[in-house]
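Report on one structure; see the data block that follows.
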Number of protein chains: 2
Amino acid sequence: MLELAILGFLYDAPLHGYVLRRHIAALTGHVRPVAESTLYPAIKRLEKAGLLVRATEPGAVAAPRHVLTLTDAGGRELMRRLAEPAQREITDENHWFTLLAFLRHLADPAAQAAVLRRRLAFLEEPASFFYDGDRPLSAEELDDPFRRGVLTIARATSRAELAWLRDTLASLDGVGR
Amino acid sequence: MLELAILGFLYDAPLHGYVLRRHIAALTGHVRPVAESTLYPAIKRLEKAGLLVRATEPGAVAAPRHVLTLTDAGGRELMRRLAEPAQREITDENHWFTLLAFLRHLADPAAQAAVLRRRLAFLEEPASFFYDGDRPLSAEELDDPFRRGVLTIARATSRAELAWLRDTLASLDGVGR
DNA sequence: ACGCTATACATCGTTGCCGAGGTATTGTGT
DNA sequence: ACACAATACCTCGGCAACGATGTATAGCGT
């Protein structure tokens with residue numbers, strides 16, 4: 001998730017670590033803050049894998065900056081991660097939102113639509129959080145107001161997302177033809 | 001999150017690892033599956049910390065079962081984790097839903113309400129995923145249909161949750177008086 | 001007779017993430 | 001003069017999570 005965000009932001013423009021960090025904080029920081037001690041090692045991993053290169057530049061205000069630029073391999077890796085996300089990226093909202101934030105980089109509308117259809121398939125599966133044996137329980141069947149809340153919120157989210165998915169898929173299909 | 005779920009389920013009734021695993025899979029598995037190799041070490045950690053004890057019992061069908069029972073310290077730790085969740089448990093939906101699934105165990109309505117109010121405060125902060133400088137961008141201002149989707153879905157979730165939070169807080173306050 | 005699935009638990013090595021702490025420099029408030 | 005915040009990067013120890021793999025037993029279909 002973090003690596004995807006790094007690749008995604010660098011695809012737009014070369015950045016140095018500090019600015020990259022602020023970009024990531026703006027994107028997902030209110031939900032899941034990213035520690036510096038997580039970001040810098042992640043950058044190193046990507047550099048070691050040849051997905052980005054760094055160029056040292058005299059710091060504008062303070063210490064020298066390491067400007068990070070995506071390599072060709074990095075660009076290809078981003079495309080691969082966007083086009084063939086692991087199942088976790090589809091099902092976990094945190095991961096999914098990060099993927100959506102960069103899905104526009106995937107130039108092919110058909111490839112974009114394929115990813116959205118995977119999410120659609122996931123949302124259309126009858127799944128709950130609470131069961132009576134194998135039968136999913138609905139909000140109305142629960143006495144616990146907090147568990148009822150979980151289902152109420154999840155249902156609202158699901159509805160909004162299904163509507164958006166169908167809309168967006170329709171317009172992507174329109175472009176494809 | 002995983003440890004909270006273990007403590008939460010065991011508070012209801014002693015269980016052995018295998019059944020516990022199926023309970024957890026039902027609760028959060030469709031979004032974030034839990035590997036066996038994550039669950040068993042987590043159980044060991046909790047046992048080592050004195051939060052649960054295990055009793056070996058001949059297996060009903062297969063290998064002997066280790067029936068897990070919450071200790072008094074385990075019960076107290078559950079209450080502490082429910083009443084004083086880390087900020088991450090409040091902001092990250094995955095964590096928050098797990099917390100909500102067990103919040104009923106916290107007997108005091110005032111303590112439950114205090115937790116809900118922390119989530120309310122978080123949701124009332126003006127936060128977006130995308131910014132123009134410091135100004136949060138609304139869905140309408142985005143050209144990118146995927147980023148627009150993120151905001152559309154997040155807004156629907158937020159609305160539904162705010163309504164539910166206010167409702168539930170009102171009825172909890174009613175009980176308190 | 002044989003394989004498959006389900007039950008039931010466990011270890012191992014690798015990766016990923018975090019908090020705490022460290023090293024500098026520049027600009028701002030008091 | 002001095003503290004503090006912001007900029008800019010880094011290391012270390014520890015923990016948590018994962019996939020792969022191993023060890024059994026019971027029951028079912030073919």
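Letters go in sequence order (proteins before strands), and every chain restarts at 1.
Across the protein-nucleic acid pair, A:L15 atom CG and D:dA8 atom C1' stand 14 Å apart, rounded to whole Å. If you take CG of A:L68 and C1' of D:dC9, they are 11 Å apart, rounded to a whole angstrom. We find that CZ of A:R21 is positioned 12 Å from P of D:dA8, with the value rounded to whole Å. Straight-line distance from the NE2 atom of B:H16 to the C1' atom of C:dT7: 8 Å, rounded to whole Å. When rounded to the nearest whole Å, the span between NZ of A:K48 and P of C:dT14 equals 13 Å. Atom CZ of A:R65 and atom P of D:dC10 are 14 Å apart (whole Å). Distance NE2 (B:H66) to P (D:dT23): 18 Å, rounded to an integer number of Å. Rounded to whole Å, the distance from CG on B:L2 to C1' on C:dG16 is 16 Å.
Ring geometry for A:H105 against A:Y11 counts as tilted: the plane angle lies between 30° and 60°, on a 0 to 90° scale. Taking the six-membered ring for Trp and thresholds of 30 and 60 degrees, A:F9 and A:F102 have ring planes more than 60 degrees apart, a perpendicular arrangement.
Here the shortest heavy-atom pairing between B:L82 and B:P85 reads O-CD, 3.5 Å.
Each of B:R22 and B:R54 was matched to the nucleotide of DNA chain C holding its nearest heavy atom; the match closer to the 5' end belongs to B:R22.
B:L162 and B:L100 fall within the same hydrophobic cluster, defined by Ile, Leu, Val, Met, Phe, Trp and Tyr side-chain heavy atoms under 4.5 Å apart, directly or through other members. By the rule that hydrophobic residues join a cluster once side-chain heavy atoms approach within less than 4.5 Å of another member, A:W96 and A:M79 end up as members of one cluster.
Of the residues in residues 23-47 of chain B, those placing a heavy atom less than 4.0 Å from an atom of DNA chain C are B:E36, B:S37, B:Y40, B:K44, in numerical order. Residues from residues 76-94 of chain B placing a heavy atom under 4.0 Å of any atom in DNA chain C, listed by number, are B:R88.
At most 12 non-hydrogen atoms from other residues, nucleotides or ligands lie less than 6.0 angstrom from CZ of A:R159.
Across A:R117, A:R119, A:R166, a single residue satisfies salt bridge (Lys or Arg N to Asp or Glu O under 4.0 Å) together with A:E124, and that is A:R166. Of the options A:R148, A:R147, A:R135, a side chain to side chain donor-acceptor pair (under 3.5 Å) to A:E141 is made by A:R135 and by none of the others.
Between the CZ atom in A:R45 and the CG atom in A:L52 there is a gap of 11.0 Å [rounded to 0.5 Å].
Remark: side-chain polar atoms of B:Q112 are paired, donor with acceptor, to backbone N or O of B:L106 under 3.5 angstrom.
End-to-end axis angle for the helix from C:dA1-D:dT30 to C:dT30-D:dA1, using five pairs per end and rounding to 10°, comes out at 30°.
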Practice item. Tell me, with the steps shown, if A:T168 and B:F146 meet side chain to side chain contact (heavy atoms under 4.5 Å, CB included). Key: CA-CA 8 Å; A:T168 308; B:F146 308 111; 4.3 Å; yes

